[in-house]
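Right, one structure below, let's go through it.
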Amino acid sequence: MTVPGSLYDRICEVVCRIPRGRVASYGQVAAEAGLPGHARLVGYALHNLPDDTNVPWHRVVKARGGISLDIESGAGRFQRALLEAEGVIISGPDVIDPRYFLSDSFTDPME
DNA sequence: TGCTTGACATAAT
DNA sequence: CATTATGCCAAGC
């Protein structure tokens with residue numbers, strides 16, 4: 001289980017901070033995790049996460065607003081379902097309104 | 001220890 | 001719109 005100190009651990013921690021009903025891009029999560037520009041590591045970490053993880057990995061999307069996984073495939077459909085369950089409407093494979101993204105910081109504004 | 005890969009981002013072609 | 005190129009770097013082999 002992710003040794004403390006590993007980048008995985010930091011990344012999953014940041015992902016856990018994403019408020020419900022919101023999404024963040026890989027680059028944004030990376031930046032908040034203290035890894036500016038290391039968006040790839042975020043995806044790498046998420047892929048490593050177990051199925052029973054408590055990390056809402058589904059809230060992590062591409063910068064343009066879209067699921068990296070194949071939306072028409074199992075994992076993609078699963079993520080879309082989770083996002084819609086949180087209130088995030090996905091109209092297409094790369095169509096997510098910017099209003100769902102975290103504006104600046106993860107500091108939950110508490111709506 | 002060095003090369004390859006990768007749930008990315010962005011610009012250019 | 002698809003592909004290419006570059007950056008940036010950890011993990012896997």
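Scope of the values below: all heavy atoms of this structure, side chains included, with no hydrogens, waters or symmetry mates. The sequence lines fix the lettering, A, B, ..., with proteins before strands; numbering per chain opens at 1.
- For A:Lys62 and B:dT10, the NZ to P distance is 12 Å, given to the nearest whole Å.
- Interface remark: the A:Tyr26 side chain does form a donor-acceptor pair with the B:dA7 base, using a distance-only criterion of under 3.5 Å.
- Rounding to whole angstrom units, CD1 of residue A:Ile11 and P of B:dC8 are separated by 13 Å.
- Rounded to an integer number of Å, the gap from A:Leu35 CG to C:dA11 P is 10 Å.
- Considering all non-hydrogen atoms of both residues, A:Gly66 and A:Val61 come closest at O-CB, 3.5 Å.
- Atom C1' of nucleotide B:dA7 and atom OH of A:Tyr8 are separated by 12 Å, given to the nearest angstrom.
- Here the straight-line distance linking atom CZ of A:Arg40 with atom OH of A:Tyr26 works out to 12.5 Å at 0.5 Å rounding.
- We find that CG of A:Asp94 is positioned 13 Å from C1' of B:dA7, with the value rounded to whole Å.
- One atom, CZ of A:Arg10, and another, P of C:dA11, lie 12 Å apart when rounded to the nearest Å.
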The test is salt bridge (Lys or Arg N to Asp or Glu O under 4.0 Å); show your working for A:Arg77 and A:Glu72 and say whether it passes. CA-CA 6 Å; A:Arg77 282 197 343 193; A:Glu72 300 265 319; over 6 Å; no
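- The nearest whole Å value for the distance from the CG atom in A:Asn48 to the P atom in C:dC9 is 21 Å.
- One atom, CG of A:Leu7, and another, C1' of C:dC9, lie 9 Å apart when rounded to the nearest Å.
- With distances taken from any side-chain atom of A:Ala63 to the nucleotides B:dT10, B:dA7, B:dC8, the minimum falls on B:dT10.
- Note on A:Val95 and A:Phe78: separate hydrophobic clusters, where clusters join Ile, Leu, Val, Met, Phe, Trp and Tyr whose side-chain heavy atoms are under 4.5 Å apart, directly or indirectly.
- The minimum heavy-atom distance linking A:Ile96 with A:Val88 is given by the pair CG2-CG1, 4.1 Å.
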Pairwise N/O distances under 3.5 Å, protein to nucleotides 4-6 of chain B:
from  : atom 1 : to      : atom 2 : distance (Å)
B:dG6 : N7     : A:Arg40 : NH2    : 3.1

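- When the P atom is compared between C:dA5 and B:dT4, the two are found 16 Å apart, to the nearest whole Å.
- Each of C:dA10, B:dA9, B:dA7 was ranked by its minimum atom distance to the side chain of A:Ser68; first place goes to B:dA7.
- The heavy-atom pair separating A:Gln79 from A:His58 by the smallest distance is NE2-O, 2.8 Å.
- Under the salt bridge (charged side-chain N to carboxylate O under 4.0 Å, His left out) criterion, A:Asp94 pairs with A:Lys62, sequence neighbours left out.
- Residue contacts shown for A:His38 are limited to sugar-phosphate atoms, with no base heavy atom under 4.0 Å away.
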